[in-house]
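In what follows, a single structure is set out as structure tokens and then discussed.
Just so it is clear, the model here is predicted, and its values are computed rather than measured. Within every chain, numbering begins at 1; the chains are lettered A, B, ... in the order of the sequence lines, protein sequences first and strands thereafter.
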Amino acid sequence: MSKIELRAAPHVHAPRSVENIMFNVVLALMPICIFSVWQYGLSSAVLIVTVTATCLATERFFSKASGKGNTLADWSATITGLLLALTLPPSFPLWMGAVAGFAAIALGKALFGGLGFNPFNPALVGRAFVQAAFPSTIASFVPAFAQQRFTSFVPSTWTAPLMIPTDNTGWIKDAAVDAFTGATPLGRWKFENFTYTTHDFLSGAVTASAGETSAILILLCGGYLALRKFMDWRIPVAVVGSAALLAWILHLAVPGRYPEPLFVVLSGGLMLGAVFMATDMATSPVTPLGIWIYGALIGVLTVVIRYFGGLTEGVMYAILIANAASPLIEQFTQPRAYGTAKTDTAGGAK
Amino acid sequence: MILDFLFKPSFERGVHPPQFKETGRTPIRRMPFASRYTLPLSQSVGRAAKPIVTVGQEVLRGQPIAETAGYVSVPLHSPVTGIVEDIGLHPTLSGEWQESIVIRAFEGASQEVLYGDPVDVDALTPEQIINAVQATGMVGLGGAAFPTHAKLAAPKEWPIEHLLVNGCECEPFLTADHRMMVEWPQHLITGTKFAMKACGAKRALIGVEDNKPDAIAAIEKVLPDDGSITVHAVKTKYPQGAAEMLVKALLGREVPAGARSYQIGVVMQNVGTLAELGRLIPRGQGFIERVVTIAGPGVSKPGNYLVPIGTPLRFVLEQAGAPRDAVEVILGGPMMGAAIASLDVPVTKAISGILVFDRSAMQKERGKTHPCIKCGECVNVCPKGLNPSTLGMLAAKREYDLMAERYHLDGCFECGCCSYVCPSNIPLVQQFRVAKEIVRERQAA
Ligand code: SF4
Ligand code: SF4
């Protein structure tokens, strides 16, 4: 007993660590990335790699500049990169993807002090940035399961930096996919009043951003995270539940005007957003009641933006708004301390 | 009731650390006698005892060697037959040097307990029981080290309804209470009756975590027929053995923030304390040795040992087979126990366990510290319903007054659940301990 070490209690620790949580989220995102590559081929693969690599490089640069050492090992920048890539259309030019990746980490995370200090989900900050910068490119799609997807890239993928995207019309014609319209299901519903079947969504046979197409796969991957307690299941349940409930009420209230709740839940980025983005720990509340309110807010806002706003897709803004509201929600939903009356909330009430 | 089986009474939140309670299966053993014993005069909350022996005096095992110095104070008895070698300053567990009596054991002495003054317990009045409890030198054996007699004598304006007997032993590794319940259930019931009479409680509820079915069965066999004492299985969950949590589990009530449990008519005692009282009071003996769990990856002979008070820690660890490269020694359980800096200190009355971690076990526990990622896990587990995430962020900004005024800092009882789960390895409890200290100082100023 030559050397005795003094440490403060507790002397044991639960097995969960930041690295461990984040790595498992990366693992859970893998099947979704693979599915996206299977649907869209080479272009999707290089987009995912480019966006993620940019995120990692940006993270490395800022962590070094701020003297934090290497923060890549916590896997959080990898998650941002993968998630961001999955919200972009597969034909998105690589240079724009790199801009998105840089914006996500630089503006969404490093600016606020890095991991844990960011008020907004960095992936969504990156996505919002390119949405504003390249509004038409981010809304143009190519068909899924095109014949030549594993032999040739979508032309726009290799667009030279700072150039407008190369035309994809010829490539889409070669794809020989029936009835490709270039519009997302939400767009077609909003402007043509056309709705897809549930089967189309569940199998991924619709036009969408890379990772927004297979609800089943997202549910499975999210289920894995929830079961192993790497993700708070209450958030996706609250998001999807409130969106479906509001959609159902509107569907019944104004017959023929609004689609079925299931369409609302399965279309666009709602599933991916609910399972992988709304659950970002740093940007969601820590209080149990706050978590439910935050999730419900996202669900309701999504439907409101889709139905009554000028945009076809509302998940991204819904989550960003809820991120902003999160500290406030937390203030008013402090847990009841043992031995105190119910009404004595710690934060806001005084 | 079938629902009882499914939903064992418990408290909200909490954690489930791995148990490591293998020592609970083997009987209590007696530790061999050391050659020298050091007894600090202050081993509990309250005033230090006053020596009544002189250097060079021969003492018998069990003989009083220091008397009480006021009401919140307990006497001291010699753990061995031997000679008083010194009365002076010696190092203690806290790191401080304290006035202590050193006794050298006579080699070859049989060390049978000789000193005692049997009493007719049935004739005792509540006051006499309280005096008898004080005379044993008993303190709370669960770790709090509050003089037992003072806790039994609640202020008269608060009538006591329930005596809660705490047999949870929710800390990992520790099994001393478990063994005492299994081996000395009769003493436990006797002690419980004394305590009921002393504090005026009509009912006593013994709460035992459901990972100790043998203890529950042993107690059930000796319960009195009148139904005044009952034993209850509560959920195995840390910190079930914290007083506030057990009150919630057994009575479904909460102790109001800032209040003492006697203000809701409750007195709580540890099972070990009452079992010892049940053994000592009828014989009129003093408390001179206690059951200590010695365990952890760093000892080769783990188990529960009957260790005389004042035994040098180094001797105890040698007997339990601790290797030379053991690097962390913890007194108490791994969730709340304190690591100690020196082995040249004696075992005192309040030590329930000694845990030894070697290097390999420690390296596994170490993780990198990150900023709070707001995972909310600490909020999900805090048994006191606090928000350790926010408290931690305020502590980092030194907003101590805000922590106290708005976020119930004083409600934190330092159970360590939040630090235990924090994936960012933030030393939350430590921060709260410091914050509480600073707030206390500011308020005093
Ligand atoms: S140490 Fe304090 S804040 Fe942390 S879980 Fe325990 S009571 Fe709650
Ligand atoms: S457990 Fe740690 S990382 Fe998670 S919210 Fe609490 S303090 Fe933050």
ask   = Is atom CZ of B:R260 surrounded by more than 12 heavy atoms (other residues, nucleotides or ligands) closer than 6.0 Å?
value = no
key: From A:R16 atom CZ to B:C422 atom SG, the distance as rounded to the nearest 0.5 Å   = 9.0 Å
ask   = Which region of B:V255, side chain (C-beta onward) or backbone (N, CA, C, O), has a non-hydrogen atom less than 4.5 Å from a non-hydrogen atom of chain A, or is it both or neither?
value = both
key: Largest heavy-atom contact set with chain A, pairs under 4.5 Å, which of B:P371, B:C415, B:C378   = B:P371
message = Any non-hydrogen side-chain atom of B:V379 less than 4.5 Å from a side-chain atom of A:P335?
response = yes
message = Suppose the criterion is salt bridge (Lys or Arg N to Asp or Glu O under 4.0 Å): which pairs have a residue in residues 271-299 of chain A, not counting sequence neighbours?
response = none
Option in B:P427, B:G332, B:G411, B:G376 with maximal non-hydrogen atom pairs under 4.5 Å from chain A = B:G376
request  = Pick one of side chain, backbone, both or neither for B:M335, based on which atoms fall under 4.5 Å of a heavy atom in chain A.
outcome  = both
request  = Considering only heavy atoms and a distance below 4.5 Å, find which of B:Q430, B:H16, B:H370 pairs most often with chain A.
outcome  = B:H370
query = Please walk me through it: do A:Q334 and B:H408 pass side-chain hydrogen bond (donor to acceptor under 3.5 Å, both in side chains)?
reply = CA-CA 11 Å; A:Q334 290 296 329; B:H408 304 282; over 6 Å; no
inquiry  = If you compare all heavy atoms of B:V429 against all heavy atoms of A:P10, which two are closest, and at what distance to 0.1 Å?
reply    = CG2-CD, 3.8 Å
request  = Please flag which part of B:E244 lies under 4.5 Å from any non-hydrogen atom of chain A: side chain, backbone, both or neither.
outcome  = both
request  = Rounded to the nearest 0.5 Å, what's the gap from NZ on B:K368 to OG on A:S17? Could you check?
outcome  = 11.0 Å
request  = Specify the closest pair of heavy atoms between B:E254 and A:Y338, including all atoms of both residues, with the distance to one decimal.
outcome  = CA-OH, 3.5 Å
message = Take a 6.0 Å sphere around CZ of A:F129 and say whether it holds more than 12 heavy atoms from other residues, nucleotides or ligands.
response = no
ask   = Is the count of non-hydrogen atoms from other residues, nucleotides or ligands lying under 6.0 Å from B:K436 atom NZ greater than 12?
value = yes
query = What part of B:P256 is in contact with chain A, defined as an atom under 4.5 angstrom from a non-hydrogen atom: side chain, backbone, both or neither?
reply = both
note = If one checks every heavy atom of B:L386 against chain A at 4.5 Å, the contacting part turns out to be both
Over all atoms of both residues, closest heavy-atom pair of A:M281 and B:C375 = SD-CB, 3.5 Å
key: Region of B:S389 that comes under 4.5 Å of a non-hydrogen atom in chain A   = side chain
inquiry  = Counting heavy-atom pairs under 4.5 Å with chain A, which one of B:G385, B:P423, B:S424 comes out on top?
reply    = B:P423
note = Scored by heavy-atom pairs under 4.5 Å with chain A, the best of B:P334, B:A257, B:G333 is B:P334
ask   = Contact part of B:P383 toward chain A, heavy-atom cut-off under 4.5 Å: side chain, backbone, both or neither?
value = backbone
query = Under a 4.5 Å heavy-atom cutoff, which of B:P17, B:G337, B:C372 has the most pairs with chain A?
reply = B:G337
query = Checking heavy atoms, do the side chain of B:E12, its backbone, both or neither come under 4.5 Å from chain A?
reply = side chain
ask   = Are the side chain of A:H11 and the backbone of B:V329 linked by a donor-acceptor contact shorter than 3.5 Å?
value = no
key: Proximal component of A:I21, with respect to chain B [non-hydrogen, under 4.5 Å]   = side chain
key: side-chain hydrogen bond (donor to acceptor under 3.5 Å, both in side chains) between B:N425 and A:H13, worked out   = CA-CA 8 Å; B:N425 291 308; A:H13 194 274; 3.2 Å; yes
